2 protein chains.
Amino acid sequence: MPVAEVRTPQRAPGAPRRRDAEATRAAILEAARDQFGRLGYDCTALRDIAAEAGADVALIKRYFGGKEALFTEALKASFRSDFLRDWDLRSFARDFATAMAGGPHEDAERTHSFQFLLRAATSPSTAPLLNAAIQERFFEPIRYWLGDADAPGRARALAAAAIGFLVERLIRGEALVGAERDAFIEHATAMFEQIVAAD
Amino acid sequence: MPVAEVRTPQRAPGAPRRRDAEATRAAILEAARDQFGRLGYDCTALRDIAAEAGADVALIKRYFGGKEALFTEALKASFRSDFLRDWDLRSFARDFATAMAGGPHEDAERTHSFQFLLRAATSPSTAPLLNAAIQERFFEPIRYWLGDADAPGRARALAAAAIGFLVERLIRGEALVGAERDAFIEHATAMFEQIVAAD
DNA sequence: GGCTTAAGTCAACAGCCATTGACATGAAGC
DNA sequence: GCTTCATGTCAATGGCTGTTGACTTAAGCC
């Protein structure tokens, strides 16, 4: 875990509200979402979360119970249940491909949520917690979204491809540029359209 | 790390070859591939690897140098450099889709190799180690394989989709059956053909 | 048989982790 | 002003980790 973690504490020394359980809890949860999302469950230390939130480790136990419970809550907070409804079915293929190419207008919040989920999905510590959630909130909405007889198989294929683009984006880091970006968007769009528009 | 790890030791008590550095080294490497592949870098303990290999932890240091070096070597061993050449370009789309659906004839060795890579990809500890390898052995071959002007962007899109199917497979666990399986294969095939056959 | 050296064993170290109970302190109610 | 209790702080604990040096033992050679 060589990732250095230095952030300005939530409260400056001598801050206005010194004692505010609700605010402290929120700060911890926010820090947890950040660190779990970037580092994954196993590589995140509660001490670092507390430090980022400007709180003490013991408060995590008091407010959340423990690491796993905190993770579950952070997971819930990062799950945008409406993330699919945001897309327009007809322009989905191109919009999604463009988002995955990266660039100035990308939805950072959405990207972060997905990264959080992927990290959780591939860690054996959290996979059991997440598999059900993936099923319920990712696969099922797509299935409903497509909504015809072939939906289950189609939904699985579409979900798989979407996950792949998210992982590739996660690994890649930077945004694509120039001709490579254009070709990427073009072919990815064609690919997704193949499924979305299969009527 | 709640995953119990009980395996029959490599050597029975009072075995024939008691002192064989080469065999010991190989046993450790094999155990490392197994555990790193199933649990990921962070959740794998050197003591467990040594136990599975029927060896002592200190030998890992002597033969490999340390955890990271052992991981790198296991990574190399799990990387089938010819995994793309195994596919026939014309039947790739259907073959790959079928493989991802799972079933009785799947290539367990190949599946394991991919799992290893994916676990490594989503752990921040090993991502730096892996990104270069992914680039060199996954993305570049696909790019070469496609081999035209649009290749970089196309290769990225194809690689992303392929990764996604592997992840979905990893998360899913069991094989698909019946109509869902058929629809899955059909649509996934169409999807991959969209890119492979884009000439 | 005795010697040399590689192979295997053991115990301990230092560091990090989540967890926890005891303690200090500030704010609200009387 | 005093009591009360939620809020925040601190320090310690036990467990697990990778690493390491010193030890024991078997195998090969003279």
Side-chain angles (χ1 to χ4, degrees), chain A residues 1-5 9-29 31-32 35-36 39-74 123-126, chain B residues 1-5 9-29 31-32 35-36 39-74 123-126:
Chain A
M1 284 126 290
V3 188
E5 191 50 42
Q10 204 76 359
R11 283 191 295 275
R17 290 199 296 180
R18 291 279 302 275
R19 300 220 158 185
D20 187 336
E22 199 173 342
T24 304
R25 213 192 110 101
I28 290 173
L29 189 60
Q35 300 213 16
F36 280 139
L39 306 175
Y41 182 82
D42 301 306
C43 291
T44 296
L46 291 187
R47 279 174 176 77
D48 294 338
I49 292 178
E52 183 178 329
D56 190 273
V57 206
L59 293 180
I60 294 182
K61 174 203 161 71
R62 184 171 297 167
Y63 291 142
F64 297 92
K67 187 177 189 180
E68 200 165 316
L70 174 60
F71 178 84
T72 303
E73 193 132 350
S123 163
S125 317
T126 52
Chain B
M1 280 128 295
V3 187
E5 192 49 45
Q10 205 76 359
R11 283 191 294 276
R17 288 198 298 179
R18 292 280 301 275
R19 302 220 156 184
D20 187 335
E22 199 174 342
T24 304
R25 213 191 108 102
I28 291 174
L29 189 60
Q35 300 213 16
F36 280 138
L39 306 176
Y41 183 82
D42 301 306
C43 292
T44 296
L46 292 187
R47 279 175 174 79
D48 295 337
I49 292 178
E52 182 178 328
D56 190 275
V57 206
L59 293 179
I60 294 182
K61 173 202 161 72
R62 183 172 298 169
Y63 291 143
F64 296 92
K67 187 178 188 179
E68 198 164 318
L70 174 61
F71 178 84
T72 303
E73 193 132 350
S123 163
S125 316
T126 51

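Below, chains carry the letters A, B, ... as their sequence lines are ordered, and counting in each starts from 1. Fair warning: this is a prediction, and the values are worked out from it, not measured in the lab.
- Whole-Å rounding puts the Glu22(B) CD to dA6(C) C1' distance at 14 Å.
- Regarding Arg62(B), its CZ atom lies at a distance of 11 Å from the C1' atom of dA22(D), rounded to whole Å.
- Put simply, CG on Leu70(B) is 10 Å from P on dG18(D), counting in whole angstrom units.
- Summarising the geometry, atom OG1 belonging to Thr24(B) is positioned 10.0 Å from atom CZ belonging to Arg19(B); distances are rounded to the nearest 0.5 Å.
- From Phe71(A), atom CZ reaches atom CD of Gln35(A) across 13.5 Å, with rounding to the nearest 0.5 Å.
- Comparing the axis of the opening five pairs of the helix from dG1(C)-dC30(D) to dC30(C)-dG1(D) with that of the closing five pairs yields an angle of 10°, rounded to 10°.
- Taking side-chain N and O atoms only, Thr24(A) has no distance below 4.0 Å to OP1 or OP2 of dT7(D).
- Separation of atoms CG (Leu70(A)) and NZ (Lys61(A)) is listed at 13.5 Å; rounding is to 0.5 Å.
- Each of dT25(D), dG8(D), dT17(D) was ranked by its minimum atom distance to the side chain of Lys67(B); first place goes to dT17(D).
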Is there any protein nitrogen or oxygen under 3.5 Å from a nitrogen or oxygen in nucleotides 12-16 of chain C, and what are the pairs?
from: dA12(C); atom 1: N6; to: Arg47(B); atom 2: NH2; distance (Å): 3.4

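- Contact record, Ile28(B) with Leu59(B): CD1-CB, 4.2 Å, taken as the closest heavy-atom pair.
- One interatomic measurement links the two molecules: CG of Asp42(A) to C1' of dC16(D), which rounds to 14 Å at whole-angstrom precision.
- The separation between Asp48(A) atom CG and dA18(C) atom C1' is 13 Å, rounded to whole Å.
- Across all strands shown, Leu46(A) has heavy atoms under 4.0 Å from sugar-phosphate atoms exclusively, and none from any base.
- The distance between atom CD of Glu68(A) and atom C1' of dT19(C), rounded to the nearest whole Å, is 14 Å.
- For Lys67(B), the side-chain contact (heavy atoms from CB on, under 4.5 Å) criterion is met by Phe36(B), Tyr41(B), Leu46(B), not counting sequence neighbours.
- Rounding to whole angstrom units, CZ of residue Phe64(A) and P of dT19(C) are separated by 13 Å.
- Protein atom CZ of Arg19(B) is 10 Å distant from nucleotide atom P of dT25(D), rounded to whole Å.
- In this structure, the separation between CG on Leu39(B) and CG on Asp48(B) is 8.0 Å, given to the nearest 0.5 Å.
- Residue whose closest nucleotide on DNA chain D sits further toward the 5' end, between Asp56(B) and Leu59(A): Leu59(A).
- Nearest-nucleotide assignment on DNA chain C puts the 5′-proximal partner with Ala21(B), out of Ala21(B) and Gly65(A).
- Between Lys61(B) and dT19(D) there is no side-chain N or O to OP1 or OP2 distance below 4.0 Å.
- Scanning both residues, Ala50(A) and Asp56(A), for their nearest heavy atoms gives CB-C, 3.8 Å.
- Rounding to the nearest 0.5 Å places CZ of Phe64(A) at 5.0 Å from CG of Leu29(A).
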